[in-house]
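What follows is a short report on a single structure.
Every chain is numbered from 1 and lettered A, B, ... according to where its sequence line falls, protein lines coming before strand lines.
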2 protein chains.
Amino acid sequence: MSEQIRHARERLAKYMESQGKRNTRQRDLIVDAFFVQGGHITLQELTRLVQERDSGVGFATVYRTMKLLTEAEVAHEQRFGEGQARYELADLEHHDHLICESCGRIDEFEDQVLEDRQSLVVRQLGWQLKHHRHELYGLCPECIEAG
Amino acid sequence: MSEQIRHARERLAKYMESQGKRNTRQRDLIVDAFFVQGGHITLQELTRLVQERDSGVGFATVYRTMKLLTEAEVAHEQRFGEGQARYELADLEHHDHLICESCGRIDEFEDQVLEDRQSLVVRQLGWQLKHHRHELYGLCPECIEAG
DNA sequence: CTTTCTGCAAACCCTTTGCAGAGAA
DNA sequence: TTCTCTGCAAAGGGTTTGCAGAAAG
């Protein structure tokens with residue numbers, strides 16, 4: 001995981017260099033907060049985290065910084081059900097999501113059998129697959145336990 | 001298909017009856033347009049269709065009527081990628097979607113192997129599945145052909 | 001110095017709702 | 001007559017952007 005973050009930081013540095021983007025105090029704060037927090041965070045939440053360290057950082061800057069990370073393919077923008085977008089660390093391996101409708105917990109899973117079957121189905125229909133969204137909604141083990 | 005629509009109309013009539021909802025010219029226009037059009041339509045598009053027959057019908061009425069059909073489980077509200085919601089005829093059998101990123105075409109597919117594997121994966125992780133969203137994005141046969 | 005960034009506030013886009021008059025039953 | 005429905009316009013909720021001053025290089 002630390003490995004993943006190191007890789008992400010490198011990739012981001014390269015991207016910024018190549019695009020003539022500048023390093024700023026705000027960007028550092030935002031990127032650090034995002035990496036520390038880890039995953040599936042909204043802009044509102046991230047802004048709150050960043051403002052704990054510097055209350056002067058504005059929402060628009062957080063918004064634009066996450067767009068930047070997305071362009072750099074260091075972050076990935078997800079839109080679950082309704083409402084706000086959520087950002088997660090762009091992963092090297094593909095994964096899908098399990099979302100608990102009771103507590104909001106979001107887990108990731110990966111299953112090669114599913115992926116393969118999906119590819120097969122698409123091919124048989126004559127389509128060409130670019131990417132997909134596979135989200136499973138239900139109850140996590142803790143919420144099942146809790147009733 | 002005509003069979004499906006007849007069934008939907010019956011179900012809707014029953015629901016409206018049971019809820020003391022009234023029949024109005026606007027609702028008839030909207031429901032007819034929705035049934036004729038078929039599937040994956042946005043409120044904007046549906047409003048435009050309805051207004052070709054009666055320009056006085058407002059967007060809010062279309063909005064509320066589709067909410068009504070959704071409550072009656074005659075229509076189903078989908079939110080693909082970004083932007084607006086889309087409505088489709090509520091199907092008796094479950095299906096998932098194929099979305100063409102070039103022309104916007106939306107097709108449906110159903111694969112029992114996928115469904116079964118999905119259930120298995122969820123169960124093994126200790127979760128309880130309620131419903132899911134499985135959307136495949138890519139190119140449809142025509143757009144592959146067209147290059 | 002020059003060019004990019006930032007924070008603010010306003011603009012947008014779509015969805016949702018309050019209200020007063022219109023229309024079913 | 002009564003109670004629901006409609007159209008309008010405004011309010012919400014999240015995302016995006018114009019602008020003038022701040023800061024990086």
Q) Taking 4.0 angstrom as the limit, do B:Arg86 and B:Glu45 come out as a salt bridge? A) yes
(Q) Please determine whether a side-chain nitrogen of the Lys or Arg among B:Arg25 and B:Asp54 lies less than 4.0 Å from a carboxylate oxygen of the Asp or Glu. (A) yes
**Q.** Between D:dT17 (C1') and A:Leu68 (CG): distance, integer Å
**A.** 17 Å
Q. Would one find a side-chain N or O of A:Thr24 under 4.0 angstrom from OP1 or OP2 of C:dT4?
A. no
Q.
Angle between the two end axes of the helix from C:dC1-D:dG25 to C:dA25-D:dT1, five base pairs per end, rounded to 10 degrees?
A. 20°
Q. Quick one: B:Met16 CE to D:dC5 C1', roughly how many Å, whole number?
A. 10 Å
**Q.** Lys/Arg-Asp/Glu bridge criterion (N-O < 4.0 Å) met for B:Arg117, B:Asp111
**A.** no
Q.
At less than 4.0 Å, is any side-chain N or O atom of B:Gln26 found next to OP1 or OP2 of C:dG23? Yes or no.
A. no
Q. Any side-chain donor-acceptor pair under 3.5 Å between A:Glu101 and B:His131?
A. yes
Q. Does B:Arg53 come within less than 4.0 Å of B:Asp28, counting only side-chain N to carboxylate O?
A. no
(Q) For A:His97 together with A:Phe80, are the ring centres under 6.0 Å from each other? (A) yes
Q.
Using modelled atom types and a 3.5 Å cut-off, is there a donor and acceptor pairing between side-chain atoms of B:Thr61 and backbone atoms of B:Val57?
A. no
(Q) Can you see if the side chain of B:Arg27 gets near the phosphate of D:dT6 - specifically, an N or O under 4.0 Å from OP1 or OP2? (A) yes
Q) So, B:Gln118 versus B:His132: side-chain donor-acceptor pair below 3.5 Å or not? A) yes
Q: Quickly work out the A:Glu71 CD to C:dT4 P distance and round it to whole Å.
A: 14 Å
Q. Between C:dG23 atom C1' and B:Leu29 atom CG, what is the distance in whole Å?
A. 15 Å
(Q) What is the separation between atom CZ on B:Arg25 and atom P on D:dG7, rounded to the nearest whole Å? (A) 7 Å
(Q) Salt bridge or not between A:Arg6 and A:Glu3? Use side-chain N to carboxylate O under 4.0 Å. (A) yes
Q | B:Ile30 CD1 to D:dC5 C1', straight-line distance once rounded to whole Å | A | 11 Å
Q | N/O (side chain, B:Thr61) to phosphate O (OP1/OP2, D:dG7) under 4.0 Å | A | yes
Tabulate atom names and distances for all N/O pairs under 3.5 angstrom spanning the protein and nucleotides 8-15 of chain C.
unit_1 : atom_1 : unit_2  : atom_2 : d
C:dT15 : OP1    : B:Ala85 : N      : 2.8

Q. Given atom CZ of B:Arg22 and atom C1' of C:dA24, what is their separation to the nearest angstrom?
A. 5 Å
Q. Rounding to a whole Å, what distance do you find between B:Gln19:CD and D:dC5:C1'?
A. 16 Å
